[in-house]
Structures are given as C-alpha cells and as structure tokens.
Amino acid sequence: MELSKQYEPKQAEEKIYKLWKESGFFNPDKLPKRHKKPYTIVIPPPNVTGELHMGHALNSTIQDILIRTKRMQGFKALWLPGTDHAGIATQNVVEKKLRKEGKTRFDLGREKFVEEIWKWKEEYGNKILNQLKKLGCSCDWSRTRFTMDEGYSEAVKEAFLHYQKKGWLYKGKRVVNWCTRCQTSLSDLELEYMEEKGNLWYIKYPLVKIPNPKSQIPNKSKIQNPKSKTYITVATTRPETMLGDTAVAINPKDERYRELIGKKVILPLVEKEIPIIVDDLVDLKFGTGAVKVTPAHDFIDYEIGQKHKLEIVQVIDEKGKMINTPNEYNGLKALESREKIITNLQAKGLLERTEEYIHQVPKCYRCNTTIELIPSLQWFLSMKKLAKLATKPVKKGKIKFHPKSFEKPYFDWVKNMKDWCISRQIWWGHKIPIEGETDVLDTWFSSALWPFAILGWPKKTNDLKNYYPTTVLSTARDILNLWVARMIFSGLEFMKKPPFKDVYIHATVLNKEGKRMSKSLGTGVNPIDLIEKYGADATRFGLAFQIMGGQDIKFVEDNLLMGKKFCNKIWNASRFVLANKPTQINTDFGSPRSLHRFTQIKKLTAADKRILKALDRIIKSATKDLEAFEFGKTAHNLYDFFWHDFCDVYIEESKNQFTHQNFSQKNLGGRDEKTKKILLYVLSSSLKLLHPFIPFITEEIYQQLPLENKQKSLMVEKWPR
RNA sequence: GGACGACUAGCUCAACUGGUUAGAGCGUGCGGUUUACAUCCGCAAGGUUAUAGGUUCGAGUCCUAUGUCGUCCACCA
C-alpha cells in the first residue's frame, strides 16, 4: 500500500487510536514478556468543572512522552487516568448554571442539588477523558478512577478513621477563613490575595479616668508626660471589627506606652471597658504601635486572645452581617456598618486621621468573594507529625524535584504548616464519616490519597503490590503545597513509602503577553480547537518544542505550525523511502555502528558513514535528555537530525548513490540495495525516537514499513540503542 | 516585606561547566518544477545579548548595583 500524497491527521488519528486500544498495550499486564520492571505515573486528576485547558494539554503531552518512552524501553509502563470531584469548584459551576435558570441550590435542596452535580460530572468527566484520547494519551482506561467513586470513598473513610485513632483529629471553634457566598470555611491555601486600595483609620480609644489629684494643676513642662494622655490611638484597616474588640495590645519593649500597661480604655461606640495588654506579636513599627485586639475576627488576635484569656466577641456572622453589636449596626453588612462607624467616630471626635493604604485582601479562590475571618466549629488535622513526614523523603533525596529550585520554597512552606482545616460546609464531597456530622471533607483530603487509592487501597490489591510506589509525578507548580506535600505525607503514613521518586514541575502556559491563560480572563485557548486545526501530533510537538529548562511557556501558535510542517516532512521522507524500499530488513540489532553485520555490506560511502554516526549521536542524546526531563532539547535535536541530517543531506545524497556513474554496472544492484537499507534503517530508528512526541503519524508510517519481526504496534518496538 | 526566575533578531526561543565570525523556527526580501515534500529548496537582510560598573588573556555566560516583567511565600493590624 502506498502512502497518500498528504498526511491527513484526522482520519489517521482516529484509526490509529483504535488500533492502540485494541492492541491492549495501554494495560501493562498485557504487554509482551520483555516488559518487566514497572514504571507508573498517576495523572493529576483534572477537575470535573469543565474542559481541559492548555496546561492540561502540556502536562498530558509530557506524561505521554515519558510513558511511551519507558514502554518502548521495556518497562511495564502504566499511566493511571482519572478525574477529581473538586468540591467547591464543581459545586460553584453547577450553582452558576442553576442561577441562569433563576434557581439556587437551596431551591433544589441538598439531595436534588447533588444529583445535578452528578449529572454534570458524567458529562464533563467523559468529555475530559475523550479530550485526553484525542491528544493521543496512552492511559490504561481499564483502571480509570474518580475521587468519589465507591472504592475511593472507602479509602477516604479509612484515612479519616486512621487519623482519628491516632488522635490527630480534633474539632474546635477556631477563627477560620469564611466565604460568605459559598457558605463554607476555606484553608489558607484556598485564598487568593488581591491588592486593594483601602484606608488605615487612626482611632482614639479614651483611657478610663482614674482620680489623680495632680491633674488639677496644669502641667507646664515642655516634655509631654504620657500620663497626661487621655486616650490611646490604634490603627486599623477594618474599623467594623472594633465592635468586637476585647483588648488593646502593645509590644512589651515599646517605651511610648509603658505607663499605660494594665490600664483600661473605653471601647468607643460600644462603651465598654477593655484592658491594655502586652504581647510580642505586636509590631512596634506599624501604625501607632498599639493594636486593637479582636479575637473573633483575626488569626493573630485570636492567638493573643488565647494567651491572655480574652473574651471572644463575634460581631460578623456567616453571612457577613453584623451581630452582637449596638442596635444601630446589627443586621448591616460589614461594609455598611464600617461607613456608619466612621461617621459616628468622627462626630465624637475620636477619628484622629485617615491614611490611604494599599493592602492585600483575601478572596475566595473559586468565587472571588472577600473572605471574612469568623470563629466557627470545624474539624482540624494536626500537622505536627505529618509535616515532618512531608519533609523527610525530599531532604534525603528519595524524592527529587525537577527543577531542584522548587525544593527550597517547599521546605519553607512545610516548616510553617498550620493545622489543616479539613471540614467544608458545602454539599458536594465526601461526608465526614461520623454519625450526625453533615459537613464534607476538603477536596484535597481525598486527592492526597490519589497515588494509592487509585490502585485500590485500602484493599490489599495486586495493583498496589505491583505499581506502588509510582515513579514520576508531573504537575503544575501552584499545587505543590496544596497537593504534592499532602500526597507525600499520606503515602508515608498509609503505605510507609513515598508515593513517587521524581516530581517534575512543568512550565506554566502563558499567552504571548506573559499573562496566565484562563477562561475567566478570556485568554484561554481550547487545545481541542488546536488539534482540529493542526492535528494532535503537531500540537504535541509544538508544545514539547517549547519546554526549555524550567522556563514558563509563552504560547504562540507558530510552533504548532512548525509541528505540522515537520509532520509533513516526515510523511514525505517516508514516501521517498518507501518508493525506494529494500527487501525486508531486520532493525533489531545493536547500534548503527554494527549495521553492516546485519546488512552484509562492507563498503560505506562518506555519506553513509556520516548519517549513521549522526543517528548514533541522536540516539544517545535523546535517551539521555529524556531521562533528564529535557523535552524541548530532545525535540529540537530530533527535529534538526531528521530535517537536516537525514532529509537535506542523506536523502539528497542517496539520489546520487542510486545513479552515480562511478558505481560500476555490476555493483549497481548491490549498492542500490545498501542505500535502500540504510534509508529504511535510519527512517525506522527515527520513527522510534519520535514516537513519544508524535505517536500518530509515526505509527501510521511504521505500519507500512517492510521490517522483519515487526510488532503489532510501534508502541512496543524496542527503543534504539 | 522576603525568596526565586526572566530580560539575546520584528515575534517565540537556543547557545553544556566563560573560549573562533551569538544560532533556529515564524515573519520579511530575492531566486528556484533535478526519484518525497511549494507545509518544499537555496540565498540574503536583521543583534552594542535591558542599563552601568567590575573580575579575566577572553564575558550572552561569573560578581555588584539599577531598571522592567513574572511567579511563589508572609501574622504587619
């Protein structure tokens, strides 16, 4: 069969993917005997919130390159696919959909609403898996998992009960980050800080008068005596929280207020006496050095409050409205009451001054609502022991980060890990496995178990025995703490082994302007559109071509066009080789240097020698560079080798070798055959090296090559040496 | 406020541990139908490597400052 004049990705891709699936080779248990040692990758499960973006396309390409390379190198290569229920995120997208229909989740009620989300999950979960297939991913679909499937729920339950038995779980009323829209607590990692212009208000808190006989005599000394002060000024960006103040704190080293320690002030507007206390946590350089303490609505204030046994007065409720305050404020939204408070303070002459102030305001990472800090009854997982577990394997080199520079920020973060608030007040997720509890678990609680729960844990499965620990985790950097750290300690805690050996942190895909690509910013690009336009191979190659070092990628379509042209080049070079094909050859021998032993040719021309030497070089460098996660470099080298060394030079030269007058008539047949063999040999070797990057076209051509011992698929051909 | 990274041709990026005239792809200009490919082939133009100093026989590469951009972290009310 001849190859058509042009390569048509669409038809070929569908046909080839079917061939792969039917071969069974996606499942490592069905690979030929030579595949022995396991090589496992678990996919970072995409959220079922929507379709895949460029980051997914990049990461999936990377993982498929690794898996396909290792499969050819004789490993039992297993790539485990799946999707994540993504708690708040998915609940939010479904709520948004309902809102368009004029409904809220409360109209439906919990059961109906969760049903709606399951429907959504079915639709988008499948869409995502299909997109991965379109990209050519060689995942073992027979092992596909979802973080809320039946078995997975068992894993989550088991983990929770395990922690409870260890005494690391506790329920307590703590100040938590609270999203007033999602109506749930959030962990620190689920916040996004946005810079906002605000004010720093300086407010006078009058001192409680103590009878002092001297005060009747006017003090004429030039040096101001603090004793003569009648108030203390505090600075705040959130005046509304003052209604819940239960102290004013100063730094013990602060000379300015020494005389005031132990005295009391009257909390304006509330007209209640509160003490002046000292605490190291107060920064004497900020504001006036005196800080109002609101234990109910601030983390540090809460801490100070615990130390000094201060009362906790909650003045903002879960809907962001004022409570427990003087009547005129009750029921107002926090911001409304802020305005009123400022006006009232001004009227009383208690507002000393106002400064403009730019500060970082925490927002809900899913719906962008400003976060309130409120005291709330939540479940926490103690991080004392687990944080140490997360550090150990990385320190000892049992888990390596690529690039290595990510280790430092990782350690910094783990060192400061606070107890993990694992309960969420939403409806979509794993219910806390305790009678009478209605809350669900943080979505990351289940993701943390992914590398072993996906293999069947807590059951003692063969898969766990065969494929855990996994080998490489390839992921985005922004979930290093959110996810990777938690997988590491979970792996050690439950499996006694780190979950993977290498963590590859891939580039972030930015647009040409260097901005993050995102749907909400309107800068998103749908990878499926690109596949339609250029073909899956060109898309993969164009992306891989740009992965240089640890640099982020500014995505430009030019590279995909380059990929498409490259595919066309490969196609046509193959047409030439097939038009000049030798009788069958066996390519299953050692290095290009030992070619002559198998082809029974002794005399090589200079061009023959040059191309064989170049092939030898590219085999060695590609093998080494892929081992080091140098995807872009490998792609560049393969490109240069194939286009220039092979096509521009050797194929052109081969035309001369076929017709050169110096070749004696009687040798002509022999020489022709030799050149044909070299052409086919170099082409087939190149296809093997290129297959991890551009699997479809290489397979399509491979199927046409006259090779001895040909495999059912290029997927399981031996990697060249 | 800290940490890290980037800055090289019009655009996106290369150049291993400092070592000839700093290279590709896209774009631009000119010219090409020889056993595949016009999605091709050949040639050309285009760079004071962000700026200023320094180390060195020699710096895109090392050091110091500055600027611009980006990412992450942080309890400054």
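First the proteins, then the strands, lettered A, B, ... as listed; each starts at 1.
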Student: Just the rounded figure in Å: distance from P of B:C76 to CG of A:D298.
Tutor: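 It is 10 Å, rounded to the nearest whole Å.
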
Student: Going by distance alone, is a donor N or O of one side chain under 3.5 Å from an acceptor N or O of the other, for A:D608 and A:T605?
Tutor: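 Looking only at side-chain atoms, A:T605 and A:D608 do form a donor-acceptor pair, the distance falling under 3.5 Å.
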
Student: Rounded to the nearest Å, what distance is computed from the CG atom of residue A:D558 to the P atom of nucleotide B:C11?
Tutor: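 Those two atoms, CG and P, are 12 Å apart.
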
Student: Using a 4.0 Å heavy-atom cut-off, does A:V282 contact any base of the nucleic acid, only the sugar-phosphate backbone, or nothing at all?
Tutor: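 Result for A:V282 = base.
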
Student: Round to the nearest Å and state the distance from A:F658 atom CZ to B:U34 atom P.
Tutor: 19 Å

Student: With a 4.0 Å cut-off on heavy atoms, is A:C647 in touch with a base, just the backbone sugar-phosphate, or nothing at all?
Tutor: base

Student: What about A:K633: does its side chain form a donor-acceptor pair under 3.5 Å with the base of B:A15?
Tutor: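 When only heavy-atom distances are counted, A:K633 does not reach the base of B:A15 through any donor-acceptor pair under 3.5 Å.
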
Student: Which atom pairs link the protein and nucleotides 41-45 of chain B when you take only N or O atoms and keep those under 3.5 Å?
Tutor:
unit_1: B:C41; atom_1: OP1; unit_2: A:W643; atom_2: NE1; d: 2.4

Student: Look through every strand shown and name the nucleotide pairing with B:A6 as Watson-Crick or G-U wobble, where both distances are under 3.5 Å.
Tutor: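 Here B:A6 is engaged in a pair, and the nucleotide opposite it is B:U68.
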
Student: Whole angstroms only, please: what is the CG-C1' distance between A:N559 and B:G27?
Tutor: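 For the pair A:N559 CG and B:G27 C1', the rounded distance is 13 Å.
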
Student: Would you say A:K292 and A:T294 are linked by a side-chain donor-acceptor pair, where the criterion is simply a distance under 3.5 Å?
Tutor: yes

Student: How many whole angstroms separate atom NZ of A:K624 from atom P of B:C16?
Tutor: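 So the two atoms are 13 Å apart, to the nearest Å.
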
Student: A:T354 and A:N199: side-chain donor and acceptor closer than 3.5 Å?
Tutor: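 No pair is found: no donor N or O on one side chain lies under 3.5 Å from an acceptor on the other.
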
Student: Given the structure, check if the side chain of A:Q546 and the base of B:A14 hold any donor-acceptor pair shorter than 3.5 Å.
Tutor: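 Looking at the base of B:A14, it does not pair with any donor or acceptor on the side chain of A:Q546 (distance under 3.5 Å).
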
Student: Rounded to whole angstroms, how far apart are NE2 on A:H636 and C1' on B:C16?
Tutor: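 Value for this atom pair: 16 Å.
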
Student: So what does A:S405 hit on the nucleic acid, given a heavy-atom distance under 4.0 Å: a base, only sugar-phosphate, or nothing?
Tutor: nothing

Student: Looking at every strand, decide which applies to A:V291 at a 4.0 Å heavy-atom threshold: base, sugar-phosphate, or nothing.
Tutor: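 Counting heavy atoms under 4.0 Å across all strands, the contact made by A:V291 includes a base.
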
Student: With both distances under 3.5 Å as the test, what is the Watson-Crick or G-U wobble partner of B:G42?
Tutor: B:C30

Student: Measure from CD on A:E653 to P on B:U35 and round the result to the nearest Å.
Tutor: 15 Å

Student: So A:Y534, base contact, sugar-phosphate only, or nothing? Heavy-atom distance under 4.0 Å.
Tutor: nothing

